[in-house]
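Bear in mind that the values here come from a model prediction, so they are computed numbers and not experimental data.
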Amino acid sequence: MKKILLTLVGGLLLGALVTTYFLGAPRVRSMPGVPVKPPDRSGDNSGTVSVTIEEKFFDSLLGTIFTKLGPPQLKLSQLETQPLIRPATFQSSCTNVLVLNPEGNNTKTAVRFTGGKIIAPLAFSGNYSVLTRCMSFKGTGQATVDLFFDQSKQIVYGRLNAEEVTLDDVPPVISALVTAFVRRSIDEQLNPFEVLPVSQLSLSLQVQASGGIVKANVKDVRSEIQEGALKLYLTYDFSAEKK
């Protein structure tokens with residue numbers, strides 16, 4: 001038992017060292033705009049409307065993507081120094097791709113609003129070339145989503161943070177390396193992503209009796225995460241133009 005524990009700990013430490021050597025320190029991708037804050041209950045709520053998005057909406061959205069478009073695929077990040085020559089059979093068999101699956105290992109890919117957080121359980125599979133070997137893997141993960149609002153672009157963005165990644169039946173040394181590539185690929189290829197283009201909710205009303213046009217653009221976005229739903233509060237900035 002002691003020998004098994006020492007082997008496991010040694011594998012984890014070696015995997016961490018190898019990951020740091022190849023990838024360096026983790027990098028946090030900068031996001032457009034500013035973080036979306038909770039509602040200000042003490043402030044002036046005039047000119048504010050709310051938009052509620054339920055979990056069922058994302059269930060239908062993801063179901064349509066998986067059935068009509070096919071499982072999303074991410075190209076896993078490559079090492080900066082790849083061998084110049086590899087066997088032809090190896091080149092054709094290893095795609096270095098992460099595939100997001102509808103479900104796997106009792107985990108269903110979804111979006112959940114609970115405990116004041118946006119949670120995204122994930123099921124995935126794929127393969128990756130490690131030390132001239134093509135390593136197939138499958139696993140599950142859990143990510144959280146942070147929201148940002150860019151007023152100049154009138155877009156609410158999301159950032160997916162892969163906090164937990166678990167691979168099935170993969171040695172600790174390889175697991176640490178592949179897990180790092182999975183997290184890095186998610187950050188580089190998915191972030192930032194558009195959650196809501198509020199520009200489509202801007203107003204332009206022609207008031208003929210007053211001889212002008214009233215316009216309104218969103219100047220602030222707040223969020224409230226309820227059990228099973230996300231509520232966004234959009235505060236408008238009104239302006240008027242004489243014709």
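Residues Val165 and Val99 do not share a hydrophobic cluster, defined by chaining ILVMFWY side chains whose heavy atoms lie under 4.5 Å apart. The hydrophobic clustering, which links ILVMFWY residues whose side-chain heavy atoms are closer than 4.5 Å, places Val97 and Leu100 apart. No chain of hydrophobic side-chain contacts below 4.5 Å, direct or via other Ile, Leu, Val, Met, Phe, Trp or Tyr residues, connects Val34 to Val195. Criterion: ILVMFWY side-chain heavy atoms under 4.5 Å apart, direct or through other members. Under it, Ile225 and Leu232 are part of a common hydrophobic cluster. Residues Val51 and Leu61 fall within the same hydrophobic cluster, defined by Ile, Leu, Val, Met, Phe, Trp and Tyr side chains chained together at heavy-atom separations under 4.5 Å.
Here the side chains of Val221 and Leu234 are in contact, with some heavy-atom distance below 4.5 Å. Annotation: side chain of Ser185 is not in contact with side chain of Leu98 (no heavy-atom distance under 4.5 Å). Looking at Ser129 and Cys94, their side chains come closer than 4.5 Å, going by heavy atoms from C-beta outward. Two residues are said to be in side-chain contact when any heavy atoms from C-beta on lie closer than 4.5 Å; Tyr157 and Glu194 meet this criterion. With a 4.5 Å cut-off on side-chain heavy atoms, Leu74 and Leu190 count as touching. Residues Asn127 and Met135 form no side-chain contact, since every pair of their non-hydrogen atoms from C-beta on lies 4.5 Å or further apart. Looking at heavy atoms from C-beta onward, Glu227 lies out of side-chain contact with Phe113 at the 4.5 angstrom threshold. For the pair Val49/Tyr236, a side-chain contact is recorded, criterion being any heavy-atom separation below 4.5 Å from C-beta on.
In this structure, the separation between OG on Ser152 and CG on Asn217 is 11.5 Å, given to the nearest 0.5 Å. Atom CD of Glu54 and atom NZ of Lys231 lie 11.5 Å apart (nearest 0.5 Å). In this structure, the separation between OG1 on Thr179 and CZ on Arg184 is 14.5 Å, given to the nearest 0.5 Å. In this structure, CD in Gln208 is found 12.0 Å from CG in Leu205, a value given to the nearest 0.5 Å.
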Sequence neighbours excluded and cut-off under 3.5 Å, please list the side-chain donor-acceptor pairs for residues 101-112, or say none.
{"unit_1": "Asn101", "atom_1": "ND2", "unit_2": "Ser125", "atom_2": "OG", "d": "3.1"}
{"unit_1": "Thr109", "atom_1": "OG1", "unit_2": "Asn101", "atom_2": "O", "d": "2.6"}
{"unit_1": "Thr109", "atom_1": "OG1", "unit_2": "Ala123", "atom_2": "N", "d": "3.1"}
{"unit_1": "Arg112", "atom_1": "NH1", "unit_2": "Asp59", "atom_2": "OD1", "d": "3.2"}

Kindly indicate, with the supporting measurements, whether the criterion side-chain contact (heavy atoms from CB on, under 4.5 Å) is fulfilled by Ile155 and Phe149. CA-CA 6 Å; Ile155 295 176; Phe149 175 55; over 6 Å; no
CA sep, side-chain torsions, deciding dist, call: Thr48, Thr235, side-chain hydrogen bond (donor to acceptor under 3.5 Å, both in side chains): CA-CA 4 Å; Thr48 299; Thr235 301; 2.9 Å; yes
Phe148 vs Val156, side-chain contact (heavy atoms from CB on, under 4.5 Å): CA-CA, chis, key distance, verdict: CA-CA 6 Å; Phe148 296 79; Val156 176; over 6 Å; no
In sequence, state the C-alpha distance, the side-chain angles, and the governing distance for Tyr128 and Phe181, and then conclude on ring pair (Phe, Tyr, Trp, His ring centres under 6.0 Å). CA-CA 9 Å; Tyr128 194 79; Phe181 279 121; 4.6 Å; yes
Working for side-chain contact (heavy atoms from CB on, under 4.5 Å), residues Thr114 and Ile119: CA-CA 7 Å; Thr114 183; Ile119 305 295; 4.2 Å; yes
side-chain hydrogen bond (donor to acceptor under 3.5 Å, both in side chains) between Ser42 and Asp40, worked out: CA-CA 6 Å; Ser42 62; Asp40 184 4; 2.9 Å; yes
Give the C-alpha distance, both sets of side-chain angles, the deciding distance and a yes or no for side-chain contact (heavy atoms from CB on, under 4.5 Å) between Ile213 and Ser204. CA-CA 7 Å; Ile213 298 175; Ser204 181; 3.7 Å; yes
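With sequence neighbours excluded, the residues that form a salt bridge (Lys or Arg N to Asp or Glu O under 4.0 Å) with Glu241 are Lys215. Partners of Glu224 under the side chain to side chain donor-acceptor pair (under 3.5 Å) rule, at least two apart in sequence or in another chain, are Arg41, Tyr233.
With respect to Asp146 and Arg159, a salt bridge is recorded, a charged nitrogen being found less than 4.0 Å from a carboxylate O.
Under the 3.5 Å distance criterion, the side-chain polar atoms of Arg183 are matched with a main-chain donor or acceptor of Ala162.
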